[in-house]
Each structure stands twice: as C-alpha cells, then as structure tokens.
Amino acid sequence: MQFTRKDFPEDFLFGVATSSYQIEGHAFGGAGRTHWDDYAATPGNVVRAEHGGRACDHYHRYEQDLDLVQAAGLDAYRFSTSWARVLPEGRGTPNPEGLDFYDRLTDAMLERGIKPCATLYHWELPSPLADLGGWRNRDIAGWFGDFTEVLMKRIGDRMYSVAPINEPWCVAWLSHFMGLHAPGLRDIRATARAMHHVLLAHGRAIEVMRGLGMSNLGGVFNMEWSTAADDTDDARHAAALYDGIYNRWFVGGVFKGAYPEIVLDGLEPHLPHNWQDDFPTITQPLDWCGLNYYTRKVIAPAPGPWPSLTEVEGPLPKTFMDWEIYPQGLSQHLIRLAQEYTGDLPLYVTENGMAAPDPLVDGGVDDQDRIAYIDDHLAEVRRAIDAGAPVKGHFVWSLLDNYEWSLGYEKRFGLVHVDFETLERTPKASYHALARALTTA
Ligand code: FCB
C-alpha cells in the first residue's frame, strides 16, 4: 500500500465488512428459511444454484476469523445479523441459539479490541414474511422494529455503531424492478412500495434503538457515479434519472424528507396512499452516514416505458464483476453527500473493494490489483477530506471470499482466500499489505 495510518486523521477508523448470509452458514444454529434460500433454489436465479447453507462456516470459525481482523491491526468490524437466525418465523419466538451466537460474536470482537459495527439487515428476509408480501407490505416496518428490539436488547449495549439496513437500493430496486436479487420480482408497483417501505423500516428501527437508549446510529447507502453516455440532452436526462433512482431517492428521503421529482415522475402513481405522512419516521436524526462504493455506470436513453434508460459499456479497466474501476466517483460522492445532504455528519465508506479470480499459486494469492484498487480509493478518501468532507473511516469489502449472491462463490472479494472445499483461510498479499500499512509505526 502507498499509505500508512499517519496519512489519515488520528480518529480515522480502518475496518473490514462482511454479512451474515454470505459467510455464516445459514444451515447452522437453528436459523429459519430466508427468501434467499427460496430464490437460490429456483433454477436460473443463481450461478449453479449455489446458496449460503454452509458458506464460510463462520458460524463455527468466527474466532479464527476475528483473529485475522485483529492481527491486521484493523480497528472495526462491520458485520450483519440475520433476521431469520434470530426470529426463524420472522416474528414471535426468538431462537436462543441465534441470540447466543451474536452475543458470543460481540464479546469475541471486544476481547480483541475490535469495534463492533452492526447492520441489522443484509438481505435475508425470513420466508414467512416474504409470504406476506415482504417489502411490499407496509407492516414490514413494524416487524423490523420488533426484530430490532429483540436483538438490540441482547447486544445493543456493546455496539460501537448500528445501521438498520444495508443498501436500500438493492433491497428495493435490484430485487423488485430488475429481479436480480431475492425475491426476484420485475414489477413497478412492488418496486415503488419497496422503495418507500425500506426507508420506513429504517426509520422505525432508529426509533426503536433510540428508545433503548442507543447512540451512534446511521444508515448505509450504496452509490454509483452516474455518467451520461454522450453530450445529448436525452443522455444527460437518463443519467440524472439513474442518479435519482440509485442515489438520491434514499438519501433524499432520509436527510431531506423528500423524494427527487425526476423519480416521482415514474413512481408516484405506484406509491402507497399518504406516503408523505411517513417522513417524520423516515427522517429520524442519524449520527453518521455510510456509503458503499464500487463503481460508476455509463447511462444512455433507451426505448420502452419509464425509466427508458440503459447501462452501456464504459471504456475503463474492469474488475471480475465487469465493474469499471472509477476511484474518482468515491470522492465525488463523499463531497456531494456532505454538501447537499449530510453537512457536518461523520461519513464512513462502509464498503469498498473488488472481485478477482484470485487462484492460489504456491500457497498464496498475489492480488496486486486489489492492493492498487484499495490504494487508489483511499487516495480519493483523502482528497474528499482535504475538500472538507468529514470522512471518519473506511471498510474494505470483504474480510473473506464469500457467497456473492446471484453470482455464487466464484467472485472473490476477500483480503483472505477461502477454499470452499476445505474452508481453509489463506491471507492474500492485500491482507499482508493492509496489515503493514496499519501496524507500521
Ligand atoms: C454490495 C453488498 C455486499 C457485496 C458487495 C460486492 O452491494 O452489500 O453484500 O455483495 O456488494
């Protein structure tokens, strides 16, 4: 790495992020069925129909995994908690093994001097709630609030920070409009409802945690930098609409109590009645804002119904996800967030990283491309700080190679290689480089 800790403010946190379904092994410990299990079991949705039944077996190996976090000199670990592990039916009787697991995991972080940064929901909706309409059903805000209360009564006293929901765009648009994540719908009315209810549930969870006396609560939003494919008005409009749907809808709702007009043009007819009345809940004050950043998209107009746009291939080098590497978008987003939405609120890059094939060669993985990716993005974080954005931390996605949703186990994002046959962990060159950057005096 080209940086060390000294290049960042003293209170800047370095962390890694993971999520429950992607690493734990959902078949273990009495967890309930989730809509991801159903989605993955349906032919054509997921590469080789792979699922998170065993994943990295982090459920049994979490101590070894947290040793790796500690040994790298990382300050914080962003993990998520599975709703279906805690409440197998989504509501009702908790699973004691699930609560015990998150309790042990929390203590194991604290014993190692690692700050626990929880995300309550990273996409594993309990199937019985999906049966009731899932994110389309307004009642999800109450169900999610109840889950929040059950879990945070147990571990909330020891959290460094908590965010309710990972990446509302993925929960709503990717899953209900594009059909590429569970529940795999392609339906504009379902989308509009999910786009709204996901924020209502976020706000309800914040209210619940404030009621429990908790602090350092935030939100985690994914953003892509939207670039017009050419200089025409139509292309600029398409790019602005993509930006509205992907980025501005969610932070607009949470920080301004308003949705962008350009998106309402298409979604308003499909929103639930009296949606405006929910903004007092949606805009519950937050203590920080998290940004997950990976790439940009080049957007062009397209025939067909609203939103009448399409992604076109850009010219930049790409990762194994086929995502263009565009580090500048990170500083652009951080600066815009601070200037237009969050002001002085601390900002965190809560996910950032890249996938590569990463074969083991001679017992190691020489992932120089990932080292460069992290370096280039951390340089943009510093640029944003210099421009006045109050960025307080950066989390690499991810600690371990893991279950990359519809793309199965092939897309490796880890600083640590996982052999999915033997489950052996092997730190990659990027892990060692990051550890040197963080521990060099
Ligand atoms: C983010 C998700 C995370 C992982 C990375 C690559 O959108 O939060 O679970 O899939 O992308």
Side-chain angles (χ1 to χ4, degrees), residues 15-26 34-36 39-40 45-47 50-52 55-56 58 77-83 117-125 163-178 180-182 184 198 202 218-225 245-247 250 289-297 311 318-326 329-330 333 348-358 367 369-370 373-374 377 394-416 418 430:
V16 281
T18 63
S19 94
S20 51
Y21 191 84
Q22 291 178 276
I23 63 169
E24 285 174 3
H26 228 264
T34 80
H35 71 169
W36 258 97
Y39 182 76
N45 284 339
V46 177
V47 174
E50 289 170 349
H51 55 75
C56 305
H58 175 75
Y77 179 56
R78 178 172 173 253
F79 67 109
S80 80
T81 54
S82 163
W83 190 341
C117 302
T119 304
L120 277 151
Y121 180 80
H122 200 126
W123 309 348
E124 56 285 275
L125 187 71
I165 293 169
N166 182 66
E167 301 190 346
W169 178 87
C170 292
V171 173
W173 192 270
L174 184 65
S175 309
H176 296 81
F177 193 83
M178 299 173 76
L180 297 177
H181 270 199
V198 70
H202 155 89
V220 171
F221 306 92
N222 53 320
M223 295 199 175
E224 290 182 344
W225 194 256
I245 293 169
Y246 203 107
N247 304 314
F250 303 99
C289 175
L291 161 63
N292 293 356
Y293 179 79
Y294 291 92
T295 189
R296 72 159 183 181
K297 287 286 158 60
E311 299 173 16
K318 300 187 182 61
T319 71
F320 197 36
M321 297 289 276
D322 260 340
W323 293 347
E324 281 189 299
I325 301 175
Y326 184 64
L330 180 54
H333 268 306
Y348 291 88
V349 179
T350 32
E351 281 181 30
N352 177 227
M354 65 165 277
D358 287 349
D367 55 341
D369 47 357
R370 183 170 290 105
Y373 183 101
I374 295 171
H377 285 78
H394 176 276
F395 293 72
V396 174
W397 181 272
S398 184
L399 174 65
L400 304 170
D401 292 341
N402 60 46
Y403 178 63
E404 181 43 40
W405 307 110
S406 312
L407 301 173
Y409 289 95
E410 197 177 72
K411 307 289 180 193
R412 294 175 177 272
F413 273 91
L415 297 170
V416 175
V418 176
S430 57

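When a residue number appears, it is its place in the shown sequence, counting from 1. In each ligand, atom 1 is the first atom listed, and ligand 1 is the first ligand listed.
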**OP:** State, without any angle test, whether S20 and E124 hold a side-chain donor-acceptor pair at a distance under 3.5 Å.
**Re:**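 Indeed, the side chains of S20 and E124 share at least one donor-acceptor pair under 3.5 Å.
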Subject >> Partner set under side-chain hydrogen bond (donor to acceptor under 3.5 Å, both in side chains) for H333, not counting sequence neighbours >> reply: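 Testing H333 for side-chain hydrogen bond (donor to acceptor under 3.5 Å, both in side chains), a comparison that skips the adjacent residues, returns none.
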**OP:** Could I get the full list of side-chain hydrogen bond (donor to acceptor under 3.5 Å, both in side chains) partners for E351, not counting sequence neighbours?
**Re:**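 Once residues adjacent in sequence are excluded, the partners of E351 under the side-chain hydrogen bond (donor to acceptor under 3.5 Å, both in side chains) criterion are R78, N292, Y294.
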Original post:
With sequence neighbours excluded, what pairs up with H181 under the side-chain contact (heavy atoms from CB on, under 4.5 Å) test?
Top reply: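 W36, W123, L174, S175, W405, S406.
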Give every pair formed by an N or O atom of ligand 1 and a protein N or O atom closer than 3.5 Å, one pair per line with both atom names and the distance to 0.1 Å, or write none.
{"unit_1": "ligand 1", "atom_1": "7 (O)", "unit_2": "E167", "atom_2": "OE1", "d": "2.5"}
{"unit_1": "ligand 1", "atom_1": "7 (O)", "unit_2": "E167", "atom_2": "OE2", "d": "3.0"}
{"unit_1": "ligand 1", "atom_1": "8 (O)", "unit_2": "H122", "atom_2": "NE2", "d": "3.2"}
{"unit_1": "ligand 1", "atom_1": "8 (O)", "unit_2": "N166", "atom_2": "ND2", "d": "2.9"}
{"unit_1": "ligand 1", "atom_1": "8 (O)", "unit_2": "E167", "atom_2": "OE1", "d": "3.3"}
{"unit_1": "ligand 1", "atom_1": "8 (O)", "unit_2": "E167", "atom_2": "OE2", "d": "3.2"}
{"unit_1": "ligand 1", "atom_1": "8 (O)", "unit_2": "E351", "atom_2": "OE1", "d": "3.0"}
{"unit_1": "ligand 1", "atom_1": "8 (O)", "unit_2": "E351", "atom_2": "OE2", "d": "3.0"}
{"unit_1": "ligand 1", "atom_1": "9 (O)", "unit_2": "Q22", "atom_2": "OE1", "d": "2.7"}
{"unit_1": "ligand 1", "atom_1": "9 (O)", "unit_2": "Q22", "atom_2": "NE2", "d": "3.4"}
{"unit_1": "ligand 1", "atom_1": "9 (O)", "unit_2": "H122", "atom_2": "NE2", "d": "2.8"}
{"unit_1": "ligand 1", "atom_1": "9 (O)", "unit_2": "W405", "atom_2": "NE1", "d": "3.0"}
{"unit_1": "ligand 1", "atom_1": "10 (O)", "unit_2": "E404", "atom_2": "OE1", "d": "2.8"}
{"unit_1": "ligand 1", "atom_1": "10 (O)", "unit_2": "E404", "atom_2": "OE2", "d": "3.2"}
{"unit_1": "ligand 1", "atom_1": "10 (O)", "unit_2": "W405", "atom_2": "NE1", "d": "3.1"}

**OP:** May I ask you to decide whether R370 forms a salt bridge with D358, counting only side-chain N to carboxylate O separations under 4.0 Å?
**Re:**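 Salt bridge between R370 and D358, a charged N being under 4.0 Å from a carboxylate O: yes.
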Original post:
Less than 4.5 Å apart, any side-chain heavy atom of Y326 and any of Y293?
Top reply: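 Of all side-chain heavy-atom pairs linking Y293 with Y326, at least one is under 4.5 Å.
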